[in-house]
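Structure first, then comments.
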Amino acid sequence: MYQKNQMPKQSGLDHSAALLREGYLFISQSADDLRTNVFETRLLAQRAYCLRGHQAAALFYDTDKFYRQGVAPLPVRKTLFGEGGVQGLDDAAHRHRKALFMGLFTPDAEAQLSQLMREQLRFNAQGWATEAQVIWYQQAKQVLTQVACKWVGVPLAAEEVETRTEQLSQMYELAGEVGLSHFKGWRARSHAEQWIAGIVRQVRDSSLTVPAHTPLFQFCWHRDLEGELLSDQVVAVEVLNLLRPTVANAVWMAFAASALHQYPQAAATLQHGESHATQRFGQEVRRYYPFFPFTVAKVRHNFSWNEMLFAQDTLTLLDIYGTHHHPDEWHQPHQFNPQRYLSEKTSSFNFLAQGGGDYDQGHRCAGEWVTQIILAQTIDFLRHELDYQLPEQDLSYSFSQIPALPKSRVVMQRVSLK
Ligand code: HEM
């Protein structure tokens with residue numbers, strides 16, 4: 001029977017330019033204009049749906065309704081994700097590969113990562129003490145490259161740290177760029193994949209021995225549903241799916257340092273050894289500041305939801321930043337307030353910093369626990385172990401720059417261990 005489509009529609013031929021211009025704010029501003037949480041638009045000359053809010057997020061994460069294979073645009077695959085990784089898998093193949101990622105999350109791994117992170121911060125801080133000033137974001141990327149390689153089992157010589165830090169960070173820093181900058185991101189991925197594929201071959205021909213508990217070892221010897229080993233290239237993509245986003249946590253380390261400075265009242269709640277307060281602070285950093293603007297999927301088959309028709313194969317964007325700043329989802333969402341987690345209800349559909357829904361069945365971030373550890377260690381370290389001053393600087397960020405970052409990258413002076 002004919003059904004009228006009630007989905008609000010944005011007028012105009014194409015909104016790609018507005019998306020680039022408005023960045024993190026594009027979906028919420030358009031949705032506010034149309035007074036809706038779900039609307040149809042046109043991006044790159046094609047129909048697309050935009051969703052925000054927990055109800056729409058629950059729909060988006062229904063894997064019977066949306067799929068991921070081939071969905072990420074080519075430039076994103078060429079820089080951020082790579083080809084053949086878990087992000088583009090569906091159904092049984094996805095669940096099987098995802099189980100490998102989720103299996104890395106053991107209490108031992110958690111303890112090891114916390115320790116690695118703290119030790120590396122302390123070690124590198126000795127060098128910062130001799131500098132007139134430190135660019136915290138740059139230092140955070142190096143710390144995380146060193147921690148990530150140790151944790152994953154990838155050998156990293158001291159003289160390689162700078163180059164590998166650049167390669168790993170350019171993959172996420174330049175993924176949203178066009179032209180020459182995008183080409184640099186593409187080149188960084190290609191070099192990084194060659195680097196890791198070479199290490200994978202060494203593990204497989206036994207010229208490099210790595211402990212069996214390391215993620216590198218586990219990915220090298222993982223078998224797919226047909227019982228086959230993954231190709232060297234796909235193992236490289238998956239190992240980079242651990243290294244790259246771990247280094248990307250430098251963005252949140254920068255925002256965390258900025259928040260400690262800009263919200264002294266919130267920082268004052270962080271008493272030594274009070275881990276819940278630290279976790280709440282880290283949680284609020286992930287909600288309040290922008291990182292991933294949205295995540296994408298495509299409609300699996302025609303269906304209707306709340307009298308709105310969703311057409312098969314249509315690109316669908318779930319607004320992360322907009323959901324985190326929607327007044328129906330959060331009390332005074334534009335205030336930085338870690339105490340909100342004492343009284344406000346959060347769910348896997350309104351807190352979407354690293355995706356929503358289910359880890360095992362869906363595409364929610366496999367590294368959320370890694371991020372929580374990194375942020376907790378960072379906040380505690382900055383608050384209780386490092387002496388530093390922030391000189392006058394521009395800590396604001398642009399909503400059209402993806403990923404957003406404090407403009408000054410957080411400059412510190414008079415840095416020393418307490
Ligand atoms: C900087 C902090 C991070 C952010 C903002 C972030 C964000 C995200 C987002 C938004 C998704 C997609 C969710 C979706 O499409 O539904 C995702 C997926 C993923 N993330 Fe993260 N992530 C971060 C850190 C990490 C870390 C540290 C790791 C690994 C150590 C990791 C590994 C992954 C993997 C493997 C996926 C794909 C999961 C799948 O397709 O099933 N991420 N992440």
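Order of appearance sets the numbers: ligands from 1, and atoms from 1 within every ligand.
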Contact atoms of ligand 1, heavy-atom distance to [X] under 4.0 Å:
X: N249; value: 1 (C), 2 (C), 27 (C)
X: G355; value: 10 (C), 13 (C)
X: G362; value: 41 (O)
X: F292; value: 5 (C), 7 (C), 10 (C)

Check this for me - ligand 1, [X], N or O atoms closer than 3.5 angstrom, yes or no?
X: R364; answer: no
X: N241; answer: no
X: T295; answer: yes
X: W151; answer: no
X: T246; answer: no
X: T371; answer: no

Do the side-chain N and O atoms of Q10 and S30 include a donor-acceptor pair separated by under 3.5 angstrom? yes

Has [X] got a side-chain atom pairing as donor or acceptor with [Y]'s backbone, closer than 3.5 angstrom?
X: R287; Y: H324; value: yes
X: N37; Y: G53; value: no
X: H96; Y: R223; value: yes
X: E83; Y: R77; value: no
X: H213; Y: Q218; value: no
X: R364; Y: Q354; value: no
X: R189; Y: T79; value: yes

Contact between R68 and ligand 1, counting heavy atoms under 4.0 Å?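 Judged by the 4.0 Å heavy-atom criterion, R68 does count as contacting ligand 1.
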
E173 and its salt bridge (Lys or Arg N to Asp or Glu O under 4.0 Å) partner, picked from K141, R244, R409: K141

Just to be sure I read this right, does ligand 1 sit under 4.0 Å from the backbone of E368, its side chain, both, or neither, counting only heavy atoms?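 Within the 4.0 Å criterion, E368 makes no contact with ligand 1.
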
Ligand 1-proximal atoms of V370, by part, heavy-atom distance under 4.0 Å: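 Side chain only; the backbone of V370 stays clear of ligand 1.
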
Of the protein's non-hydrogen atoms, which lies at the shortest distance from atom 18 (C) of ligand 1, and what is that distance? C365 CA, 3.5 Å

To which of G357, G356, P293, A366 does the heavy atom nearest atom 36 (C) of ligand 1 belong?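 That would be A366.
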
Which residue from Q354, H94, K98, R95 reaches closest to atom 23 (C) of ligand 1 through any of its heavy atoms?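 The nearest heavy atom belongs to Q354.
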
Ring center gap for F399 and Y397 short of 6.0 angstrom: yes

